[in-house]
Amino acid sequence: MIDEEKVILMTRMASYEAGEGKKNLAIWRFFRGDYIGLQLLGSFICATLSFALGVALYVYYNFEDFMENLYEMDILEFAKGIAAKYVWFLVIYMLISYAVFAYRYSHARGNLKAYYGNLKKLSKIYKGTGNSKP
Amino acid sequence: MNVLLEIRDNIKEAYIKYDAFINPIGKFFLALITLLTINSRLGYMHRIDSTAIVLVVALGCSFMPAGVIMLFGALFSILHAYSLSLEAVVIVGVVYLVLYLLYLRFVPKESVVIVASALLCAFKMPYLLPVPAGLLGTPATALSVGAGVIVYSLLKLIAKDSEFVTGAADAEIADKIRMLIDGLLRNKAMLLFIIAFAITIIVVYVIRRLPIVHAWTISVAAGTVIEFIVLVAGNAAFKTGLKMGVVFFQLILSLGVALVVEFFKFLVDYDRAESVQFEDDDYYYYVKAVPKIKRDDSFAGETGSPKKAKASVRKVNPKKTRSAVLASKGKKKGKSAAEEYYDDGADEYYEDEYYEDGQYEEEYYGDDETAGTPDDKYRKLF
């Protein structure tokens, strides 16, 4: 006889595993600190690259002015200004990244809790029937 | 109304049944329209400006994740920009790279929204998207719609009839880059669209999630009105030269689209809402349950009054009649005697519940599953 409860449970779990579960299981492989740390490292690289591209475009945009005033301008002050903007940009972007990935980790944890609860339920059903067939 | 509900349910059932075909066909047409639009507006590289290549690529996109459509769209536009000039490919490449590094790596699935936003801008219908996007998306969708507007504005700068192509052929490289950057950063219409669409999406999202009656309908109306007000105010302030007649007409269309989205996604009957309270060891619960309007629960015929909800009765361990058992004996010989019941010939099944105070209720479960409404139940109290 087919155990309807077992089939429903297994179908639900299989559907979760094929969809959202894939992403959540990939997240759950890491400890919270490791996962967020890894994502923040990626964010740091991306933010630095983007800022560098922005600065390059800005310099190219004002290339003629830079060439004319290169020997008169205070390069140290200019570099400090760029560095300050970089730090601000990085801090804001990292904060946003932290918030996003911390939320994703806790959201994945909540979903996986329900999934493991269903696994436990399924295990109890198997132990109760002593049969591996649905 | 019942006819509309039936049509809706039929569409939903058809989609569920045939989604393995519908999804690839949808992706194919989206990719086809995107690439054909890019080729028609840019078209500088003749090798890829070919219907055959577009068809092959679109066919490939139909079997891959939806984000691949944006990838190929970006690739096509970069190749056309490369054929045009070095400056164009630098600017287009930098904008795409920054878009990916700062935003798309968080939400790769939003690439479809970016493509839709850019396409609607290309077809001069950008005002259609924000209200439905607010109903279906999250506040992050505002960024996706804005990114689509930026992508469209950037590609418009290097389109065939643009000032960059027609007027800047003899300019220096630095001047060309300056022209492109100015064209993007000083584009007031683009800025107005980004602000108006972002405000609309956030307003629609916030209102539809409020625990108020008709939240979705209110959010659609409010979103449409706010989008109009912001566009009118922005047009006056920035002098962008928008045609208000076209804006108004498209906003009415957007209202219609949003109401259709609401009909499919969130149709409930607030008249039959129930509030319940209960508690467990940790919390008190105050719950409001609002039933969905389904085909059978819709308004009844000529009187116009809503039908009573039908209670479907589930038989609990139904007893088999003698005739049914005898009929089944021939098919399932392995049945034990314990599984066979013989009743007095009556088809009804009574379940008694005994209460400590001596009163009991008999509830009648008939064979007809539509029976069992409160009026039909038989009660005996003593």
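Order of the sequence lines fixes the chain letters, A, B, ..., with proteins taken first and strands second; residue numbering starts at 1 for each chain. The model shown is predicted, which means the values in this text are computed figures rather than measured ones.
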Sort out for me which residue in B:I177, B:L185, B:D182 forms a side-chain contact (heavy atoms from CB on, under 4.5 Å) with A:Y61.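 Testing each of B:I177, B:L185, B:D182 against A:Y61, the sole residue satisfying side-chain contact (heavy atoms from CB on, under 4.5 Å) is B:D182.
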
[X] versus chain B, the contacting section by heavy-atom distance below 4.5 Å:
| X | value |
| --- | --- |
| A:L57 | both |
| A:F89 | side chain |
| A:F51 | neither |

Apply side chain to side chain contact (heavy atoms under 4.5 Å, CB included) to A:C46 and B:Y100, showing your working. CA-CA 9 Å; A:C46 291; B:Y100 173 74; over 6 Å; no

Take a 6.0 Å sphere around [atom1] of [X] and say whether it holds more than 12 heavy atoms from other residues, nucleotides or ligands.
| X | atom1 | result |
| --- | --- | --- |
| A:F63 | CZ | no |
| B:Y82 | OH | no |
| B:K12 | NZ | yes |
| B:K27 | NZ | yes |

Taking all heavy atoms of A:S43 and all of B:R105, pick out the closest pair and write down the distance.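 Closest heavy-atom pair between A:S43 and B:R105: OG-NH1, 3.1 Å.
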
Please classify the contact between B:L102 and chain A as side chain, backbone, both or neither, with a heavy-atom cut-off of under 4.5 Å.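 For B:L102, backbone and side chain are both near chain A.
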
Could you tell me if the side chain of B:F106 sits less than 4.5 Å from the side chain of A:R104, heavy atoms only?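 Heavy-atom side-chain distance check passes, below 4.5 Å.
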
